[in-house]
Asks: 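One structure follows; several queries about it will come next.
First the proteins, then the strands, lettered A, B, ... as listed; each starts at 1.
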There are 2 protein chains.
Amino acid sequence: MRTAPQVSVPCPIGRAAGLLGERWTLLILRNANLGTTRFDAFRAELGIAENILSNRLARLVEAGVLMRVPYHDGGRTRQEYRLTTAGAEVLPVLHALAVWGEEHTKPAEPTGSMQVIHQRCGQVTTPGRVCDGCGELVRREEEAWVRPWLSPDPIILASPVTTGT
Amino acid sequence: MRTAPQVSVPCPIGRAAGLLGERWTLLILRNANLGTTRFDAFRAELGIAENILSNRLARLVEAGVLMRVPYHDGGRTRQEYRLTTAGAEVLPVLHALAVWGEEHTKPAEPTGSMQVIHQRCGQVTTPGRVCDGCGELVRREEEAWVRPWLSPDPIILASPVTTGT
DNA sequence: GGGCTAGACTTGCTTAATGCAAGCCAGTGT
DNA sequence: ACACTGGCTTGCATTAAGCAAGTCTAGCCC
């Protein structure tokens, strides 16, 4: 399959789209930002075929967007896929997609729509940098998403593995 | 090929990604936002196969993101593809991708990087809603992109066909 | 200590999407 | 009358995606 066609074009949008615009990739990153880390969890949440998931995760690790981290599970070592800083920084892309999708597409059956909450002030805000409610910058650690078709509880965004925080 | 798998899921990001995240779609919309309207121009600029382009344009028209508009070419009628409001509103997605791509990907050979200019104040700004230079909201009509690997001249964004403006 | 189970993958095969080349059609310029 | 251009469509080969089944590791349970 070799590296995607657009990954080294001069246009940054082309390069970003070459990686992020592959099928499943944005969905994987969405869920990773919501805290999913394990192979099986991605598989179950997205309904993606396992070979494709394996392929996508490998590509995202190679691109430095996810990082394979060993973790301890009842005494044994397993792997999980954690966001890197680069992975966390696709958040604005997800925000933009959420806004556009909310505005210009329709779900099959009406459900409560997704909401972004600024935990610091408790207000619902439009996905973006600044809170509609209090006007402050929404820091990632203070942002939570409500996805009512899954659960009424807000989900705080996952923090990236940082070699530095 | 039927309508993409994710287009009616409850998550707006999934719906947006189901449409925009198809291969070529973001690139087509990028170029449409930069003023490309004709089939042949898209084909030449993107190097996309004609049957795929035909398919994508049809899908984007169906989704209400582009609109097929007849135009006059030396006496005969041809078709062009113009942005609708929905198409113009993918701009924030393109901005977010541009920022991410600039930050986290590398071109094959170093070229001057893409810049966004706020024509009102003349400053270069980070792609986004607010101008870094003057602090004002950047309106679409005041925004121009410089893509130095193609030309040093700024390109003003295309305006959508509006049934109302 | 033998079988069971969970997580994380591979492998093989089928179906769908992509890419390439060629062809078509209407109007236009020569 | 003929080549040409823009905008397609059709056919066929190649590549990617989806599905099912199998593998491997290592605890865990009795």
Asks: Starting the side chain at C-beta, find the nucleotide from D/dG7, D/dC8, C/dG7 nearest to B/D40.
Replies: D/dG7
Asks: Can you find a side chain N or O atom of A/W24 that sits less than 4.0 Å from OP1 or OP2 on D/dG18?
Replies: yes
Asks: Are any of the side-chain nitrogens in B/E22 or A/R23 under 4.0 Å away from the carboxylate oxygens of its partner?
Replies: no
Asks: In whole angstrom, what separates A/N55's CG from D/dA16's P?
Replies: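 About 9 Å, once rounded to whole Å.
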Asks: Pick out which of A/V138, A/V124, A/I156, A/T125 makes a side chain to side chain contact (heavy atoms under 4.5 Å, CB included) with A/I117.
Replies: A/V124
Asks: Does A/Y81 form a side-chain contact (heavy atoms from CB on, under 4.5 Å) with A/R68? I'd like the steps, not just the answer.
Replies: CA-CA 5 Å; A/Y81 295 88; A/R68 225 161 171 276; 3.4 Å; yes
Asks: In whole angstrom, what separates B/L53's CG from D/dT10's P?
Replies: 16 Å
Asks: To the nearest Å, how far apart are A/I48 CD1 and D/dA17 P?
Replies: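 Distance, rounded to whole Å: 9 Å.
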Asks: What's the closest nucleotide to the B/I52 side chain, out of D/dG6, C/dA8, C/dG19?
Replies: C/dG19
Asks: Think A/S54 has a side-chain N or O under 4.0 angstrom from the OP1 or OP2 of C/dA8?
Replies: no
Asks: Over all strands shown, is A/F42 touching base, sugar-phosphate only, or nothing at heavy-atom distances under 4.0 angstrom?
Replies: nothing
Asks: Rounded to the nearest angstrom, tell me the gap between atom CZ in A/R68 and atom P in C/dG7.
Replies: 16 Å
Asks: Using a cut-off of under 3.5 Å, enumerate the N/O to N/O pairs linking the protein to nucleotides 21-26 of chain C.
Replies:
| unit_1 | atom_1 | unit_2 | atom_2 | d |
| --- | --- | --- | --- | --- |
| C/dA26 | N3 | B/R76 | NH2 | 3.0 |

Asks: What's the closest nucleotide to the A/Y81 side chain, out of D/dC8, C/dC9, C/dC20?
Replies: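 So the nucleotide nearest the side chain must be C/dC9.
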Asks: What is the distance, rounded to the nearest whole Å, between atom CG of A/L27 and atom P of D/dG18?
Replies: 11 Å
Asks: Give a yes/no on whether any side-chain N or O of B/R43 is located under 4.0 angstrom from OP1 or OP2 of D/dC8.
Replies: no
Asks: Quick check on C/dG19: is either OP1 or OP2 less than 4.0 Å from any side-chain nitrogen or oxygen of B/R56?
Replies: no
Asks: Out of C/dA17, C/dC20, D/dA17, which nucleotide sits closest to the side chain of A/R23?
Replies: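 Nearest nucleotide to the side chain: D/dA17.
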Asks: Whole-Å distance between D/dG6 C1' and B/Y71 OH?
Replies: 7 Å
Asks: Find out if a path of hydrophobic residues (ILVMFWY) with successive side-chain heavy-atom gaps under 4.5 Å connects B/I155 to B/L157.
Replies: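 Cluster IDs for B/I155 and B/L157 match.
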Asks: Hey, are A/R120 and A/E142 close enough for a salt bridge, meaning a charged N less than 4.0 Å from a carboxylate O?
Replies: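 Yes, A/R120 and A/E142 are salt-bridged.
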Asks: Starting at CD of A/E45 and ending at P of C/dG7, how long is that distance when rounded to a whole Å?
Replies: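 So the CD-P distance, A/E45 to C/dG7, works out to 13 Å.
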Asks: If I take atom CZ in residue B/R59 and atom P in nucleotide C/dA17, what distance separates them, rounded to the nearest angstrom?
Replies: 8 Å
Asks: Output the single nucleotide from D/dG18, C/dA8, D/dC8 whose closest atom is nearest the side chain of A/F39.
Replies: C/dA8
Asks: Report the C-alpha distance between B/R140 and B/L91 in whole Å, list the side-chain angles of each, state the deciding distance to 0.1 Å, and finish with yes or no for side-chain contact (heavy atoms from CB on, under 4.5 Å).
Replies: CA-CA 9 Å; B/R140 153 175 272 266; B/L91 186 59; 4.2 Å; yes
Asks: Is it true that A/R38 and A/E80 make a salt bridge, defined as a side-chain N closer than 4.0 Å to a carboxylate O?
Replies: no
Asks: Have B/H104 and A/E89 got a donor and an acceptor in their side chains that come within less than 3.5 Å?
Replies: yes
Asks: Would you indicate which nucleotide in C/dG19, D/dC19, D/dG7 comes nearest to any side-chain atom of A/A49?
Replies: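 In terms of side-chain proximity for A/A49, the closest of C/dG19, D/dC19, D/dG7 is D/dC19.
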